[in-house]
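Scroll down for the structure; my scribbles are underneath it.
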Number of protein chains: 2
Amino acid sequence: MGRGHMARRNTNRRVGIADVAEKAGVSHATVSRVMNGNAAVDPGIAARVRAAAAELKYQPNPVGRSLALGKTDTIGIVVPDLANPTFQAILRGLSIAAAQDGYRVLIADSSEVTSEEAILAGEARRRCDGVVLCAPRMADAELEELAPTLHPLVLINRTTIATNTPSLSVDYGQGIQELAQHLVSLGHRRLVFLSGPEHSASNRQRLVGLDQFRAEHPEIELQMLHGGSNFDSGHESTEAIIASGATGILAFNDLVAMGLLSGLHERGVRVPEDISVTGFDDIPFAKYTTPPLTTAAVPINELGSLAWRRMREQIQQAGETTTQAQDEFSPRMEIRKSTAAPALKPAS
Amino acid sequence: MGRGHMARRNTNRRVGIADVAEKAGVSHATVSRVMNGNAAVDPGIAARVRAAAAELKYQPNPVGRSLALGKTDTIGIVVPDLANPTFQAILRGLSIAAAQDGYRVLIADSSEVTSEEAILAGEARRRCDGVVLCAPRMADAELEELAPTLHPLVLINRTTIATNTPSLSVDYGQGIQELAQHLVSLGHRRLVFLSGPEHSASNRQRLVGLDQFRAEHPEIELQMLHGGSNFDSGHESTEAIIASGATGILAFNDLVAMGLLSGLHERGVRVPEDISVTGFDDIPFAKYTTPPLTTAAVPINELGSLAWRRMREQIQQAGETTTQAQDEFSPRMEIRKSTAAPALKPAS
DNA sequence: ACGCTCCGAGAAAACGCTTTCTCATGATTC
DNA sequence: GAATCATGAGAAAGCGTTTTCTCGGAGCGT
């Protein structure tokens, strides 16, 4: 029991500002001032405080700090599915960029449950200084209503009517047209668009783009096939694709294209000799498929870091509601080996 | 300055508990009681409070709540690189499992900067109720010192001497031996291990496993080649692999294997006819490479959800320092098409 | 020397919530 | 019918910071 009196409450309580204050023989206000360098403090006292803080390994409690300052130095991101490489990339870019400015990222995965997205976003917003929202399937009306309550908000691949919410989007319509154009210029005449989830905003954009393409190329046959947004749905479409008789396939995205590639390979259909396949997004794996995938590259890494920049701008100009940048990226064609001129069709 | 004028920033202030209390004509204590259902409240009053809360769309401020309760309902995860599918999967599993219990995940990407990991982890811990730490390269001594300060802590692929920190690990030594064994039983006699980052704990485990393999199979030639942990490093090793003359390649992980696969394909080396390649991890893409990759599957999805379960156990039994589970997973062989019997070597 | 301004540090208020403490009121018991 | 109890709501004390307010004391000019 020699050290019985030393029953440290340290064991159950973390060291707080009060402990430092006591040790340094000053008030906790002064400790705060020293730690934040906000007001002028006598250099001697400051040194004493710093010494005490160092000795006790004092680190301010962020929760107390957040309450007092009204900010958490944290932003939230809502994604529909963390298994999707696109969102992974956005998350990563966002997290790294935000970290550079001393911000952290809280993640909310809606697991594709559209009805949860608004709730998750609201919750995230309450905990954080802002929210990045990826909600491709949320109804327009709901988004429009939700957006103002979330302010500092950055939208990914969605826009609102009000122009005070910055948004980052990709011109999917343009990209899919260029891909179709690419196939046509290789000599393909029968194309299939293997579409994504029905209510996805970006799928709608692709459809609009393809309508335009059709108008410009009435001579080209373009079929629509329903699909999903992942590997498996691409794989499952293999038979339908083969049955379609088309030689050029526009897959919804790289994931779908890869699933299809693997399905075709299993069936002994050669790519690109028998069928050409294109993806969309240019996820990191796209250039390592066999054959490497022709795709429309969206600047997947930039997206995250730009999202942070837009967020930071809003956080800094807190209050004023100015009109915000609406960034739109044009995808860059990435021509690889999964597309080529079609074999000469036997006259039929 | 004019005090009265500045007095209320009510205009942009969020609705707080006080507003609800005023509207319902009760004290804010009562509002809190109603919201949390903690104590008995007169049903009539409770209804009035709920009505007021609903009308004002009141949602308790989580920061205030956290300060009062001493918990944030948030856990942190520290990962070395969010671009790595393994960590993405862990993050995803963790996030989904935690969400089910009403917890959120804060992410900290150390960007492979080992020296930052301890700081990030500490910071995360202060903001959260616990930390999941993935720090494959952190020095043992540093980890040992850091662990107690982080408690509620779950370690991934690392262990501490003290047994009160739960850890989840994969038996990489076992897995790599089985892969080597698989190649040998196919008839390969000259193998190469394309190693990962030098200071990676899991790489060391593989090396230990291979030492054992060597002891048991003195007749097999097993070379070591230095590499990294991603696509590009696999791709860059292509020449060295070809030059080695080996027919069976044990890549550090699936990423490396995929990079190598693509390199070999470019060079016209056929897999598995000319060279067999194995990966490790069984990331989702592994079964879609051409040829599909033989690999040692680690239950990548379970890892995240189990991490949460271990974390929750600790959070619940706050205080008592009991000895914690050390989970070790044995990888499951996933034999696909990237391995086959070697072609008969020309007598040389 | 006297009053003036500055400066720096402690006291106290604020941040938004939960929870203990306290006390009134009405019900229960002998 | 008085004493005891249970009930439920308000007052107030935290939680750990930052920041405003206040005030003593030092420096300066006249």
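In the text below, chain A, chain B and the rest are named by the order of the sequence lines, each starting its count at 1. What you see below is based on every heavy atom in this structure, not just the backbone, and it leaves out hydrogens, waters and symmetry mates.
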Rounded to whole angstrom units, what separation is found between the [atom1] atom of [X] and the [atom2] atom of [N]?
X: Lys71(A); N: dA14(C); atom1: NZ; atom2: P; result: 23 Å
X: Tyr58(A); N: dT17(D); atom1: OH; atom2: P; result: 3 Å
X: Leu69(B); N: dC17(C); atom1: CG; atom2: P; result: 12 Å
X: His28(B); N: dA12(D); atom1: NE2; atom2: C1'; result: 8 Å
X: Asn38(A); N: dT17(D); atom1: CG; atom2: P; result: 15 Å
X: Asn36(B); N: dC17(C); atom1: CG; atom2: C1'; result: 9 Å
X: Arg33(A); N: dA12(C); atom1: CZ; atom2: C1'; result: 12 Å
X: Asp19(B); N: dC17(C); atom1: CG; atom2: C1'; result: 13 Å

Taking any heavy-atom pair under 4.0 Å as a contact, classify [X]: base, sugar-phosphate, or nothing.
X: Gly70(A); result: nothing
X: Val26(B); result: sugar-phosphate
X: Ala29(B); result: base

Requested in this report: Look at the side chain of Ala68(B) and decide which nucleotide, out of dT19(C), dA9(C), dC17(C), has an atom nearest to it.
Outcome: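 Out of dT19(C), dA9(C), dC17(C), the nucleotide with an atom closest to Ala68(B)'s side chain is dC17(C).
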Query raised in the report: Leu67(A) has a side chain; which of dG16(C), dA9(C), dT17(D) sits nearest to it?
Result: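 Nearest nucleotide to the side chain: dG16(C).
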Query raised in the report: Should we say atom CD of Glu144(B) is surrounded by more than 12 heavy atoms from elsewhere, each under 6.0 Å from it?
Result: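 Check passes, neighbour count above 12.
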Query raised in the report: Can you find a side-chain donor-acceptor pair between Ser167(A) and Gln326(A) that sits under 3.5 Å?
Result: yes
Report task. Measure the shortest side-chain to side-chain distance between Arg127(B) and Thr72(B) over non-hydrogen atoms and say whether it is less than 4.5 angstrom. Result -> no
Report task. Could you say whether Gly64(B) or Thr30(B) is positioned toward the 5' end of DNA chain D, judged by the nucleotide with the nearest heavy atom to each? Result ->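 First, find each residue's nearest nucleotide; the 5'-ward one identifies Thr30(B).
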Report task. Evaluate the side chain to side chain contact (heavy atoms under 4.5 Å, CB included) criterion for residues Arg92(B) and Asn301(B): first the C-alpha distance (whole Å), next the side-chain angles of each, then the deciding distance (0.1 Å), finally the verdict. Result -> CA-CA 8 Å; Arg92(B) 174 158 177 266; Asn301(B) 291 311; 4.1 Å; yes
